[in-house]
Amino acid sequence: MFKSGFVTLVGRPNAGKSTLLNAVMGKKIAITSNTAQTTRHRFRAVKTAPDYQLVIVDTPGIHKPHDALGEELNTSAIKALEDVDVIAMLVDASAPVGTGDEWVANQIRRAKTPKVLVLSKTDLVEEEALDAQVEAAMALAEWDAVVACSAETGANVERFVDEVVALMPEGPQWFPADMETDQPLEVIVAEFIREKILRTFRDEIPHAIGVQTEEMEYVRKKDIYRIRAIIYTEHESQKGMIIGKGGASIKRIGTEAREDLEHILGCRVFLDLSVKVKKNWRRDATQIRRFGYGEGA
């Protein structure tokens, strides 16, 4: 009996969705950071085993939107609840269950899809506090399974997979066995560049950044990818900060991104980064879709 299906990960920003996805896959394929709106795409990862194929749909954190980008990301996350086989809601075990979690639970409560409650980041809490968190989170909705896990340590990650697979129907292998994501390579490149900015800067800078891959060329004779990407900011002052004194900041961003990209692509990478200003792009739905964020173009 072969089982296959789609599981959508939903939750508040920074609930640990992308980190759990990476832990399930056994490698880093989705970007992570402590900044809200790190995930801007519906990212699909494919885990294939002899008796199942699990398609994991990572979604933007559901939150109270402050601009058109936030609204687009919320729409993307909520739409990801449609036509899936399992919904997994992540609740940060190290933070009190609050109105944000209640709002997410209200979105999934209407769905007839099997639901799994996941208490994430259990490595950050004591057992007694975890028990209280589990009790509070269980009151949010009716659950078909409950898992407390830590993607950082790997504790109960396999149990999460087992619980999801148990709820999936019999079905075909939708994707090739060696396929790990259906995300276009150009999008993955742009996202890993953006991750380095998220981890380098604070305050408003990370939210104001958009990245587009303009050119990608594989030079077979030299076994190297030549990549040109543009980092967009909303204001000239932000552009100056991204470039840094004497170009130091953008050089560091490029160096760190290139290391990840060489690991992913399996060859050397020449990365050419530039910075441009696109004023108030987060307030323009057309510009947001050109970046491919939320529901995309």
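These values consider heavy atoms only, across backbone and side chains, with no hydrogens, waters or symmetry-generated copies.
- I224 and L271 fall into different hydrophobic clusters, where Ile, Leu, Val, Met, Phe, Trp and Tyr side chains are chained together by heavy-atom contacts under 4.5 Å.
- For the pair Q133/V97, a side-chain contact is recorded, criterion being any heavy-atom separation below 4.5 Å from C-beta on.
- The heavy-atom pair separating S4 from P172 by the smallest distance is OG-O, 2.7 Å.
- Ring geometry for F6 against F175 counts as perpendicular: the plane angle is over 60°, on a 0 to 90° scale with 30° as the lower cut.
- A salt bridge between R199 and E256 is absent, with no side-chain N of the basic residue lying under 4.0 Å from a carboxylate O of the acidic one.
- Hydrophobic clustering, with ILVMFWY side chains joined whenever heavy atoms are under 4.5 angstrom apart, keeps F2 apart from M168.
- Between atom CD1 of residue I231 and atom CD1 of residue I253 there is a gap of 5.0 Å, rounded to the nearest 0.5 Å.
- Looking at heavy atoms from C-beta onward, N22 lies in side-chain contact with I29 at the 4.5 angstrom threshold.
- Residue D284 holds its CG atom at 14.5 Å from NZ of K279, rounded to the nearest 0.5 Å.
- Applying the salt bridge (charged side-chain N to carboxylate O under 4.0 Å, His left out) test to every pair with at least one member in residues 259-268, sequence neighbours left out, gives these pairs: K28-D260, K196-D260.
- Looking at D85 and L167, their side chains never come closer than 4.5 Å, going by heavy atoms from C-beta outward.
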Apply the test side chain to side chain contact (heavy atoms under 4.5 Å, CB included) to residues I188 and E191: give CA-CA distance (whole Å), side-chain angles for both, the deciding distance (0.1 Å), then the verdict.
CA-CA 5 Å; I188 293 174; E191 286 295 271; 5.8 Å; no
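- Other residues, nucleotides and ligands contribute only 12 or fewer heavy atoms inside 6.0 Å of the CE atom of M241.
- Remark: side-chain polar atoms of E195 are paired, donor with acceptor, to backbone N or O of T32 under 3.5 angstrom.
- Across every non-hydrogen atom of V7 and L54, the tightest pair is CG1-CD1, 3.5 Å.
- Within the 4.5 Å cutoff, side-chain heavy atoms of L261 are placed close to those of V189.
- One distance of note links CZ of R283 with CD1 of I288; it measures 10.0 Å at 0.5 Å rounding.
- Atom CD1 of residue I56 and atom CD of residue E180 lie 11.0 Å apart, to the nearest 0.5 angstrom.
- Under the 4.5 Å side-chain heavy-atom criterion for grouping Ile, Leu, Val, Met, Phe, Trp and Tyr, Y218 is connected to L185 within one hydrophobic cluster.
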Working for side chain to side chain contact (heavy atoms under 4.5 Å, CB included), residues D101 and M89
CA-CA 9 Å; D101 298 300; M89 178 178 165; 4.1 Å; yes
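- S94 approaches K121 most closely through the heavy-atom pair OG-CD, 4.2 Å.
- Contact of the L20 side chain with the C149 side chain is registered, since non-hydrogen atoms from C-beta on lie closer than 4.5 Å.
- Between the R109 side chain and the L140 main chain, a donor and an acceptor come within less than 3.5 Å of each other.
- Taken from CG in L117 to OG in S120, the straight-line distance is 9.5 Å, to the nearest 0.5 Å.
- Cluster annotation: V277 and I242 are assigned to distinct hydrophobic clusters (Ile/Leu/Val/Met/Phe/Trp/Tyr, side-chain heavy-atom contacts under 4.5 Å, transitive).
- To the nearest 0.5 Å, the span separating CZ on F192 from NE2 on H263 amounts to 9.0 Å.
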How far apart are the C-alpha atoms of T233 and I209, what are their side-chain angles, what is the distance that settles it, and do they pass the side chain to side chain contact (heavy atoms under 4.5 Å, CB included) test?
CA-CA 5 Å; T233 68; I209 296 301; 3.5 Å; yes
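- With hydrogens and angles disregarded, no donor-acceptor distance shorter than 3.5 Å links the side chain of E214 to the backbone of I230.
- Open room surrounds CD on E152; 12 or fewer heavy atoms of other groups in view lie less than 6.0 Å from it.
- Annotation: side chain to side chain donor-acceptor pair (under 3.5 Å) contacts of K222 (sequence neighbours excluded): none.
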Applying side chain to side chain contact (heavy atoms under 4.5 Å, CB included), run through T200 and S249 and close with a yes or a no.
CA-CA 9 Å; T200 301; S249 294; 5.8 Å; no
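- Side chains of M25 and K47 form a contact here, defined as non-hydrogen atoms less than 4.5 Å apart.
- T213 and A190 get closest at one heavy-atom pair: OG1-N, 3.5 Å.
- No donor-acceptor distance shorter than 3.5 angstrom exists from the side chain of T122 to the backbone of A148, with no hydrogens or angles considered.
- Taking the charged nitrogens against the carboxylate oxygens, D58 and K17 have no contact shorter than 4.0 Å, which rules out a salt bridge.
- When all heavy atoms are compared, the tightest approach of A208 to W281 is O-NE1, 2.9 Å.
- Between the D144 side chain and the K115 main chain, a donor and an acceptor come within less than 3.5 Å of each other.
- When all heavy atoms of A151 and V157 are compared, the closest pair comes out as CA-CG2, 4.1 Å.
- Under a 3.5 Å cut-off, the side chain of D131 and the backbone N or O of E128 do not form any donor-acceptor pair.
- Taking a 6.0 Å sphere around CE of M216, one finds it holds more than 12 heavy atoms contributed by other residues, nucleotides or ligands.
- For the pair D182 and W174, the minimum side-chain heavy-atom distance is 4.5 Å or more.
- V134 places a side-chain heavy atom less than 4.5 Å from the side chain of M138.
- A donor-acceptor contact shorter than 3.5 Å is absent between the side chain of T181 and the backbone of A45.
- Under a hydrophobic-cluster definition in which Ile, Leu, Val, Met, Phe, Trp and Tyr are linked whenever side-chain heavy atoms come within less than 4.5 Å, directly or via other members, V10 and V146 are assigned to the same cluster.
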